[in-house]
Amino acid sequence: MSFSAKSGASLSSRAARWWWRQQPSCATAAPAWSFGGSWSRPILDMSYSRQFLDFQGSSIPSSMKKLVVTKLSQNFREAVTLQQDSPVPLPGDGDLLVRNRFVGINASDINYSAGRYDASVKPPFDIGFEGVGEVVALGLSASADYSVGQAVAYVKAGSFAEYTVVPARQAVPLPSVKPEFLTLMVSGATAYLSLKELGDLSEGEKVLVTAAAGGTGQFAVQLAKKAKCHVIGTCSSDEKGGFLKSIGCDRTINYKTENVESVLRKDYPEGVDVVYESVGGKMFDLALNALAIKGRLIVIGFITGYQNPTGLQPVKAELLPAKLLKKSASVRGFFLNHYLSDYKMALQHLLKMYERGDLVCEVDFGDMSPEGKFTGLESVFRAVDYMYMGKNIGKIVVELPHSVNSKL
């Protein structure tokens, strides 16, 4: 038989912990009887305590939707399949089961679906890098720091799913489930750590941010401005230019109506000191040529090439050594995974800035897209297309609504 919510809650904490120790691990948990008396799927019965399983919110189903890479391709729609009835995963002793409420879209989702990050990984595999949601179940060790109903964010492969198992040590506790927190997990942390570690910003320096109105560009603009730098941002529309000015950008360049190279040569004849570059191709060449003496160019991506078979757009690399030598300049790459030892520090700093009102975390739900707001995993495909069309202002976020069904 199974415990009811009422009778289970009456067990003492000591008895509950003793019961837990007698059970097999979640990987080998025995099947449990459902409330109706029929045989249910195997799941670790933690129903004796509200601390471990979500009774009062919505029921945890046996299956869920998730996105899975089934074919390696830079074409996201060809590479990824929406699976309708995947088993809801079980949390281990040190894990949380998170019901995802918001998931973030990143340009590198296409790199992941193309297998560019790890050639040894073969389909099928889960996709999506970051999520925000509530804990709905957890293991005993994880309960030392977390409880059911707690809001958390995380960075972990497999967020494009209704439920994701997250190691408790990788989760970030939040005061509430808000999409703004999601903007900081990858995009904000990338801007903060790359500028801190590689930018070496000084007051009065000129900083150029390409794709400045995007998910990570918005933070590079604000952080450079807070370092008392003069900030220049490239963008693709006057609307984006208006947003950039509202967050402190000193000079915006709409590359659809202005010639970026001419503007930089005319307005900044001595060059720019730092470039935060995420576009690649011709924009990389322009940025390199615009560097001042001892200038620093930080490459955090090259989105214009990701949809190509090679993932790259051609650059004038044969001239790179001479150009760097002539200016005592440098080009450095930044990949967030290589700075994980500083990640929590960066995130805590950004969260405090946001909570103080010192940081704008712009979220784009796709309300202005042709088919409307990005809601449900089905809309991830549209959201990726929207990003590559350059339509977004701020971080693209997909909402995953869930219905509440009482168990009682």
Side-chain angles (χ1 to χ4, degrees), residues 63-89 91 95-118 121-136 152-167 170-172 174 177 179 181-190 214-216 301 303 306 335-337 340 343 363-366 373-388 392 395-402:
S63 63
M64 67 174 184
K65 295 178 183 179
K66 71 173 181 177
L67 295 184
V68 178
V69 176
T70 52
K71 172 186 175 182
L72 296 183
S73 173
Q74 75 281 356
N75 184 323
F76 192 82
R77 289 180 179 270
E78 287 184 0
V80 178
T81 300
L82 174 62
Q83 295 188 351
Q84 299 282 350
D85 55 355
S86 295
V88 172
D95 297 331
L96 312 174
L97 179 63
V98 177
R99 178 193 291 121
N100 293 314
R101 295 290 302 281
F102 301 101
V103 294
I105 304 297
N106 293 281
S108 50
D109 289 329
I110 280 182
N111 286 335
Y112 200 60
S113 69
R116 290 174 181 148
Y117 290 148
D118 186 350
V121 177
K122 304 300 180 186
F125 55 85
D126 297 344
I127 191 168
F129 292 129
E130 56 190 343
V132 166
E134 308 103 348
V135 175
V136 294
V152 295
Y154 64 90
V155 175
K156 178 183 177 291
S159 70
F160 290 166
E162 292 180 321
Y163 295 84
T164 302
V165 167
V166 180
Q170 294 181 21
V172 178
L174 298 174
V177 176
F181 292 124
L182 188 60
T183 69
L184 302 174
M185 300 303 293
V186 172
S187 299
T190 294
T216 186
I303 188 173
Y306 292 171
F335 189 47
L336 184 59
N337 286 7
L340 295 182
Y343 178 76
V363 173
D364 192 332
F365 278 116
K373 184 176 179 179
F374 302 134
T375 304
L377 287 171
E378 298 86 347
S379 67
V380 168
F381 298 97
R382 287 198 298 117
V384 171
D385 291 342
Y386 184 74
M387 169 175 284
Y388 279 89
N392 60 296
K395 176 81 174 185
I396 301 176
V397 172
V398 175
E399 183 175 5
L400 306 184
H402 68 281

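Throughout, numbering of the chain's residues begins at 1 and tracks the sequence.
Checked against side-chain hydrogen bond (donor to acceptor under 3.5 Å, both in side chains), Glu399 has the following partners two or more places apart in sequence or in another chain: Lys373. Annotation: ring pair (Phe, Tyr, Trp, His ring centres under 6.0 Å) contacts of Phe160 (sequence neighbours excluded): none. In this structure, the side-chain hydrogen bond (donor to acceptor under 3.5 Å, both in side chains) partners of Asp385, at least two apart in sequence or on a different chain, are Arg77. For Tyr386, the ring pair (Phe, Tyr, Trp, His ring centres under 6.0 Å) criterion is met by Phe374, not counting sequence neighbours. Residues passing the salt bridge (Lys or Arg N to Asp or Glu O under 4.0 Å) test with Arg116, sequence neighbours excluded: none. The salt bridge (Lys or Arg N to Asp or Glu O under 4.0 Å) test applied to Glu134 returns Arg99, Arg101, not counting sequence neighbours. For Lys71, the side chain to side chain contact (heavy atoms under 4.5 Å, CB included) test picks out Glu78, with sequence neighbours left out. When the ring pair (Phe, Tyr, Trp, His ring centres under 6.0 Å) test is applied to Tyr117, the partners found at least two apart in sequence or on another chain are Phe335. Thr183 meets the side chain to side chain contact (heavy atoms under 4.5 Å, CB included) test with Phe219, Cys361, Val363, Lys395; sequence neighbours excluded. For the side-chain hydrogen bond (donor to acceptor under 3.5 Å, both in side chains) test, residues two or more places apart in sequence or in another chain that qualify with Tyr154 are Asn100, Thr164. Residues passing the salt bridge (Lys or Arg N to Asp or Glu O under 4.0 Å) test with Lys156, sequence neighbours excluded: none.
Annotation: side chain of Val398 is not in contact with side chain of Phe365 (no heavy-atom distance under 4.5 Å). A 4.5 Å side-chain heavy-atom check between Lys66 and Val68 finds at least one atom pair inside the cut-off. Between Thr375 and Pro401 there is a side-chain heavy-atom pair separated by less than 4.5 Å. Annotation: side chain of Val98 is not in contact with side chain of Tyr163 (no heavy-atom distance under 4.5 Å). Residues Tyr388 and Ile110 are in side-chain contact: their nearest non-hydrogen atoms beyond the backbone lie under 4.5 Å apart. Taking 4.5 Å as the limit, every side-chain heavy atom of Leu96 sits out of range of all side-chain heavy atoms of Val165. Taking 4.5 Å as the limit, some side-chain heavy atom of Leu377 sits within range of a side-chain heavy atom of Leu400. Here the side chains of Val155 and Val186 are in contact, with some heavy-atom distance below 4.5 Å.
Taking each heavy atom of Ala107 and Ile303 in turn, the nearest pair found is CB-CD1, 3.7 Å. Nearest approach of Ala157 to Tyr112, heavy atoms of both residues: CB-OH, 3.5 Å. Across every non-hydrogen atom of Ser73 and Ala79, the tightest pair is O-CB, 3.6 Å. Summarising the geometry of Ser108 relative to Tyr306, their closest heavy-atom pair is N-CE1, 4.4 Å, with the distance given to 0.1 Å. Among all heavy-atom pairs drawn from Val80 and Ser113, the shortest one is CG2-CB, 4.2 Å. The two residues Asp109 and Ile127 have their closest heavy-atom pair at O-CD1, 3.7 Å.
Side-chain rings of Phe102 and Phe181 stay apart, their centers remaining 6.0 Å or farther from each other.
Between the CD1 atom in Ile105 and the OG atom in Ser187 there is a gap of 11.0 Å [rounded to 0.5 Å]. Between the CD1 atom of Ile396 and the CG atom of Asp364 there is a distance of 6.0 Å, given to the nearest 0.5 Å.
Remark: side-chain polar atoms of Glu162 are paired, donor with acceptor, to backbone N or O of Lys65 under 3.5 angstrom.
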Ignoring hydrogens and angles, write down the donor-acceptor pairs under 3.5 Å from the side chains of residues 81-89, residues two or more places apart or on other chains.
from  : atom 1 : to    : atom 2 : distance (Å)
Thr81 : OG1    : Thr70 : OG1    : 2.8
Gln83 : OE1    : Ser86 : OG     : 2.9

Run the numbers on Leu97 and Val135 for side chain to side chain contact (heavy atoms under 4.5 Å, CB included), then give the verdict. CA-CA 6 Å; Leu97 179 63; Val135 175; over 6 Å; no
Please evaluate residues Asn106 and Glu130 with respect to the criterion side-chain hydrogen bond (donor to acceptor under 3.5 Å, both in side chains), reporting the C-alpha separation (whole Å), side-chain torsions for both, the decisive distance (0.1 Å), and the verdict. CA-CA 9 Å; Asn106 293 281; Glu130 56 190 343; 2.9 Å; yes
